[in-house]
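Notes for the one structure printed next.
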Amino acid sequence: MKDVTCELRSRRALNAVMLFAVTSLTAVVFCVDRGWPDYVAAALLWLVIYFSAVSGLSGSFAHEEDSRTADALRLAALPEAVCAGKVLFNLALLLCVVIVLALLGIVMLGIDIANWGRFAVVLLAGSVGLASSSALLGAMVSKSGVRTLLFPIIAFPISLPLLIAAIKAVESALGSGGVVENYAAVRVLISYSGILLVLSLVFFRFVWE
Amino acid sequence: MFYSMENTRTSVGERLITLELRGVSKSFGMRRVLSDVNLAFGEGLLAVFGPNGSGKTTLLRIIAGLCQPSFGKVLVSEDGVLVPDDRRRIIIGFAAPDISLYDEMTIAENLRFFALVRGMLIGESKINQIIERLGIGSHTHRMFGELSSGMKQRAKLASAVLHDPPLLLLDEPYSNMDEAGVEVVHSLIEEYRRKGTVVVATSAVAEAESADMTLELGAKM
């Protein structure tokens with residue numbers, strides 16, 4: 001709740017993430033005609049979500065270090081509690097972006113969703129994975145002077161399998177692919193996001209302390 | 001350097017803390033800040049004294065577990081039982097100029113948050129009591145970021161004593177304080193030295209004079 005309270009009062013991350021997300025999607029709308037294949041729509045949606053996450057979620061721990069509150073948190077809270085709090089905050093922020101982007105995608109890009117349930121599950125699972133990895137990597141780079149450069153570099157190899165699985169899974173929710181392929185993509189996405197969440201909670205202590 | 005002090009106080013119902021530093025050294029790159037510091041201290045007030053750059057803040061950070069020594073170790077015992085490093089935070093309260101509270105939250109919200117993450121179930125009355133004790137009652141609902149330096153210092157002290165720690169570490173506690181603030185901090189230190197252990201880092205000789213023990217660090221600039 002602390003992160004949400006601070007964010008609602010400062011709008012630091014929300015502004016950065018929303019601005020990037022809406023600007024990029026609007027730019028695409030004006031440049032490309034409607035009627036593209038599902039895999040292009042899915043890839044476009046996840047690329048915007050991913051880069052929005054990179055632009056906004058990495059700053060959460062950096063701000064704690066810059067404002068000198070990180071040590072107060074280290075002294076008071078268990079690392080696992082700090083990690084869980086950051087993952088939940090990142091997830092809440094990301095879900096706001098995802099919902100706005102999904103609505104914009106449907107209205108402005110004319111994305112036609114065949115399976116709404118799967119679409120929601122995929123966006124949620126992908127967001128959990130991105131929120132978890134962002135929390136761990138954000139803490140890792142927070143003390144670095146070149147963190148804005150470092151975060152995307154180390155986030156990319158970890159996020160790549162997640163992105164591929166998420167794109168495939170969204171594509172399946174839009175109606176493409178066979179039944180077996182569709183379930184496989186969703187299962188891979190949920191599994192990988194689950195692994196990222198567990199790894200973040202387990203290894204956060206070593207990064208944080 | 002070796003310093004030692006026997007426990008002379010009897011502590012009934014209080015937790016008896018013993019702080020021991022064994023050959024603690026710390027270097028940042030090629031610059032050695034602390035060199036072979038040895039110390040054993042029980043209850044009371046320990047003043048860590050020295051000029052700017054002598055390693056006072058670093059020593060307090062090492063004791064708090066926020067920083068690892070390059071060599072040596074810090075042992076903290078509670079009632080004769082060694083406290084593991086990862087549990088040391090529970091018995092320590094630490095206020096320092098380079099540790100802040102959240103600018104976007106009020107003093108009361110900050111204290112409520114830190115009580116919550118420490119797993120404490122304390123009511124509003126206890127929080128108000130601590131706030132009043134530090135003389136910032138009229139600023140309870142002001143954002144921490146809007147406070148003056150002195151008021152911020154008092155709020156940080158309130159956060160440090162929120163869990164009534166038996167080991168209180170204070171780095172330059174009188175900095176930015178007006179006369180009333182100095183009096184508040186002085187009485188707080190006196191209260192905690194009677195019921196536990198207080199370590200104060202200071203560069204002012206006068207502040208170190210009333211201590212039960214003084215650890216003087218030399219400048220290593």
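Residue numbers begin at 1 in each chain, while the letters A, B, ... track the order of the sequences. Note that the coordinates shown come from a computational prediction; the quantities given were computed from them, not determined experimentally.
- Heavy atoms from other residues, nucleotides or ligands lying under 6.0 Å from CZ of Phe20(A) number more than 12.
- Screening residues 43-59 of chain A for salt bridge (charged side-chain N to carboxylate O under 4.0 Å, His left out) gives no qualifying pairs among residues at least two apart or on separate chains.
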Cross-chain donor-acceptor list, chain B x chain A, under 3.5 angstrom:
unit_1: Arg61(B); atom_1: NH1; unit_2: Asp71(A); atom_2: OD2; d: 2.8
unit_1: Arg61(B); atom_1: NH2; unit_2: Asp71(A); atom_2: OD2; d: 3.0
unit_1: Arg89(B); atom_1: NH1; unit_2: Ala76(A); atom_2: O; d: 2.5
unit_1: Ser100(B); atom_1: N; unit_2: Arg68(A); atom_2: O; d: 2.6
unit_1: Tyr102(B); atom_1: OH; unit_2: Lys2(A); atom_2: NZ; d: 3.2
unit_1: Tyr102(B); atom_1: OH; unit_2: Glu64(A); atom_2: OE1; d: 2.7
unit_1: Tyr102(B); atom_1: OH; unit_2: Glu64(A); atom_2: OE2; d: 3.3
unit_1: Glu104(B); atom_1: O; unit_2: Arg9(A); atom_2: NH1; d: 2.8
unit_1: Glu104(B); atom_1: OE2; unit_2: Arg12(A); atom_2: NH1; d: 3.2
unit_1: Glu104(B); atom_1: OE2; unit_2: Arg12(A); atom_2: NH2; d: 3.3
unit_1: Glu109(B); atom_1: OE1; unit_2: Arg9(A); atom_2: NH1; d: 2.7
unit_1: Glu109(B); atom_1: OE2; unit_2: Arg9(A); atom_2: NH2; d: 3.0
unit_1: Arg118(B); atom_1: NH2; unit_2: Leu75(A); atom_2: O; d: 3.4

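- When the shell of 6.0 Å around CZ of Phe203(A) is examined, it contains 12 or fewer heavy atoms from other residues, nucleotides or ligands.
- Heavy atoms of Ile99(B) lying under 4.5 Å from chain A belong to its backbone as well as its side chain.
- Minimum interatomic distance between Phe114(B) and Leu73(A) (heavy atoms only, all atoms of both residues): CE2-N, 4.2 Å.
- At a 4.5 Å heavy-atom cutoff, the contact between Ala72(A) and chain B is made by backbone and side-chain atoms alike.
- In this view, Leu160(A) and Phe156(A), Ile164(A) satisfy the side chain to side chain contact (heavy atoms under 4.5 Å, CB included) rule, not counting sequence neighbours.
- Of residues 184-192 of chain B, no residue lies under 4.5 Å from chain A by any heavy-atom pair.
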